[in-house]
> 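My questions will all concern the structure given below.
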Amino acid sequence: MKPKDLPASRGRHPLLSGMAQNSPVRFDEEDFPGCVPKRIPRRRIRDYSGRFEFWDANTETAMICEPTSYYHEVPSQRLARLTERIAQFRGSAIDSCGTVDLLLRNAAGERQRILQADQVLYLRPGQVERWGHSIEVHKDRLPDVVLEVDNTTDVRRRKLGLYEEWGFPEIWVEVPDEPARGRAKSRPSGLMVHLLGPDGRYREALVSQAFPTWTAKEIHVALNEKSLSLDTLNVLRRVGQRLGEQEGTTPNDDPQIGAERRDAHAQGHAEGYMEGLNSLHTFVAGYLARRGIKVSPEFNARFKAVGPLTGEALLLAAQKGVSEQDFFSRLRQELEV
């Protein structure tokens, strides 16, 4: 059973069906806790730069949430950094867009309703084409994940139901461990994943669908850590590798990690070659000494300057050479063959 205080995910909000049809349904502050109404005419909403939860053209009213604060912004910014790590482990980019307008137009093509999310994620940004300043419902590809940070707000009253009506596939609702002033004491911290089912209704889930194996508990822990822990890093690696298995990619496909690994391989190869060359030098010098052939202090430098060496060429030159000079002459002859 789902909690009784989740009307948007438990069933249709009594006002939602009318809103979906663009009818002049009114809403009030109780639908958007932590917000206050403010009139913004349709002609000005495009250029409005302030933060709001929801805007409706029928009443030309926006629900303005609390001013941007540390408590509200940190989780969404951390999520962007966490998904960058996952993208590196997967080997392909994940696009985090931050706060962006999610726009529904009416039949005449005018702005009808707008939601603003705290963070939106696209797992395959190369497949997304957006030509405007907003993500348009019924036109653009919807984000794979939307994050809502509920510190003094409560998206369950109305906003979650709108996401459901508009068909957003996965919504994360995060209540941070560190509460902002004004948050209701009855709201415990934690993260809930809401997945859109085949019936067009949200169901609560313990694991993300977009990020396979990433649990709601692990996501919440990662969003509230002061610094990235080893446990969380291992979780991000697991999730990224699982995504890579689905996509057929590895960390080597990531531009930064791939370049670093290639550089490290080349450096290791060069160091291994020099180490092997020094061992060959020691062996050849000792072999010549046992044959009674003295080598000069310059022998090592001359040996390294010869070029790519093979074991067969070294052995023949060391066996037949009668002096250091003769050894190098024969070695060059062997290499030229």
Side-chain angles (χ1 to χ4, degrees), residues 1-3 6 9 70-99 117-125 142-151 153-156 159-160 163-164 168-180 183 187-197 202-247 249-251 253-254 256-257:
M1 293 292 293
K2 296 182 179 179
L6 296 180
S9 58
Y70 168 87
Y71 303 100
H72 187 272
E73 294 300 305
V74 164
S76 59
Q77 297 303 315
R78 282 182 179 157
L79 180 58
R81 293 194 296 271
L82 292 169
T83 53
E84 283 181 4
R85 295 269 188 163
I86 291 175
Q88 289 180 328
F89 290 127
R90 180 176 72 168
S92 59
I94 294 173
D95 197 358
S96 54
C97 303
T99 300
D118 294 315
Q119 184 64 269
V120 300
L121 301 175
Y122 284 96
L123 270 71
R124 299 164 188 85
L142 297 180
D144 296 291
V145 171
V146 170
L147 172 70
E148 287 286 347
V149 180
D150 268 7
N151 220 323
T153 55
D154 187 349
V155 303
R156 302 172 302 171
K159 200 171 184 182
L160 187 61
Y163 280 125
E164 181 182 83
F168 283 75
E170 185 164 339
I171 307 295
W172 296 354
V173 179
E174 163 67 13
V175 181
D177 287 340
E178 190 171 358
R183 189 171 94 195
R187 294 296 306 279
S189 63
L191 183 136
M192 180 56 66
V193 175
H194 299 270
L195 300 179
L196 194 68
Y202 280 137
R203 62 178 178 84
E204 297 175 358
L206 300 178
V207 183
S208 170
Q209 183 171 283
F211 292 87
T213 79
W214 206 6
T215 69
K217 183 177 180 180
E218 290 170 338
I219 299 169
H220 175 73
V221 168
L223 292 179
N224 288 271
E225 286 183 333
K226 299 300 182 183
S227 59
L228 188 66
S229 68
L230 180 59
D231 287 342
T232 293
L233 184 61
N234 288 332
V235 168
L236 302 181
R237 179 182 291 107
R238 182 195 73 215
V239 175
Q241 290 175 344
R242 180 61 65 87
L243 284 170
E245 292 171 2
Q246 294 178 350
E247 299 292 321
T249 55
T250 71
D253 296 306
D254 179 79
Q256 179 180 349
I257 292 183

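Heavy-atom basis, side chains included; hydrogens, waters and symmetry copies ignored. The structure displayed is predicted, hence computed values, not measured ones.
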> Would you find a donor on one side and an acceptor on the other, under 3.5 Å apart, between the side chain of Glu164 and the backbone of Tyr202?
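It does hold such a pair.
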
> Out of curiosity, Lys159 NZ to Ile171 CD1, how far, rounded to the nearest 0.5 Å?
9.5 Å

> Charged N to carboxylate O below 4.0 Å: is that the case for Glu148 and Arg156?
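Salt bridge: no.
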
> Quick one: do Glu178 and Lys226 make a salt bridge, cutoff under 4.0 Å?
yes

> Quick one: are Arg203 and His194 in side-chain contact, heavy atoms under 4.5 Å?
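They are not in contact (no side-chain heavy atoms under 4.5 Å apart), so the answer is no.
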
> Between CD of Glu204 and CG of Leu195, what distance do you get to the nearest 0.5 Å?
10.0 Å

> With side chains defined as the heavy atoms from C-beta onward, is the minimum distance between Leu123 and Leu243 less than 4.5 Å?
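They are in contact (side-chain heavy atoms under 4.5 Å apart), so the answer is yes.
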
> For Val149, is there any backbone N or O sitting under 3.5 Å from a side-chain donor or acceptor partner on Asp118?
yes

> So with a 6.0 Å cut-off around CD of Gln209, is the heavy-atom count from everything else above 12?
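Check fails, neighbour count at 12 or below.
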
> Give a yes or no answer on whether the side chain of Gln119 reaches the backbone of Leu147 with a donor-acceptor pair at less than 3.5 Å.
no

> Within the structure provided, determine whether Val221 and Ile219 are in side-chain contact (heavy-atom separation under 4.5 Å).
no

> Where do Pro75 and Pro176 come nearest, in terms of heavy atoms and distance?
CG-CG, 4.1 Å

> Indicate yes or no for a side-chain donor-acceptor contact from Arg90 to the backbone of Gly244 under 3.5 Å, with no hydrogens or angles considered.
no

> For Ala80 versus Ser96, what's the shortest heavy-atom pair and its separation?
CB-OG, 3.5 Å

> Test side-chain contact (heavy atoms from CB on, under 4.5 Å) on Val145 and Phe168 and set out the steps.
CA-CA 8 Å; Val145 171; Phe168 283 75; over 6 Å; no

> Taking all non-hydrogen atoms of both residues, which atom of Met192 and which atom of Ala205 are closest, and how far apart?
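Result for this residue pair: SD-O, 3.9 Å.
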
> Is it the case that the side chain of Asn234 and the backbone of Asp231 share a donor-acceptor pair, with hydrogens and angles ignored and the cut-off at 3.5 Å?
no

> Are Leu223 and Leu82 close enough that some pair of their side-chain heavy atoms sits under 4.5 Å apart?
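Side-chain contact under 4.5 Å: yes.
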
> Quick one: does Asp95's side chain have a donor or acceptor within less than 3.5 Å of a partner on Arg124's backbone?
no

> Less than 4.0 angstrom from a charged side-chain N to a carboxylate O is my criterion; do Arg242 and Glu245 meet it?
yes

> Given Val193 and Val173, is the side-chain contact (heavy atoms from CB on, under 4.5 Å) satisfied, shown in steps?
CA-CA 7 Å; Val193 175; Val173 179; over 6 Å; no

> To the nearest 0.5 Å, what is the distance between CD (Glu84) and CD1 (Ile94)?
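It is 9.5 Å, given to the nearest 0.5 Å.
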
> With rounding to the nearest 0.5 angstrom, report the CH2 to CZ distance, Trp172 to Phe211.
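Answer rounded to 0.5 Å: 5.0 Å.
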
> For Phe89 and Val239, what are the C-alpha separation, side-chain angles and deciding distance, and is it a side-chain contact (heavy atoms from CB on, under 4.5 Å)?
CA-CA 8 Å; Phe89 290 127; Val239 175; over 6 Å; no

> Answer with yes or no whether the side chains of Glu225 and Thr232 bring together a donor and an acceptor at under 3.5 Å.
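Yes, Glu225 and Thr232 have a side-chain donor paired with an acceptor closer than 3.5 Å.
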
> Is the side chain of Arg238 donor-acceptor paired with the backbone N or O of Thr213 at a distance under 3.5 Å, no angle test?
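Such a contact is found between Arg238 side chain and Thr213 backbone.
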
> Between the side chains of Ser208 and Glu170, is a donor N or O closer than 3.5 angstrom to an acceptor N or O?
yes

> Are Glu174 and Asn224 linked by a side-chain donor-acceptor pair shorter than 3.5 Å?
yes

> Taking Thr83 for its side chain and Ile86 for its backbone only, find out whether a donor-acceptor pair lies under 3.5 Å.
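No, the answer is negative, given that no donor and acceptor are paired below the 3.5 Å cut-off.
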
> Kindly determine whether Val155 and Tyr163 satisfy side-chain contact (heavy atoms from CB on, under 4.5 Å), including the steps that lead there.
CA-CA 10 Å; Val155 303; Tyr163 280 125; 5.8 Å; no

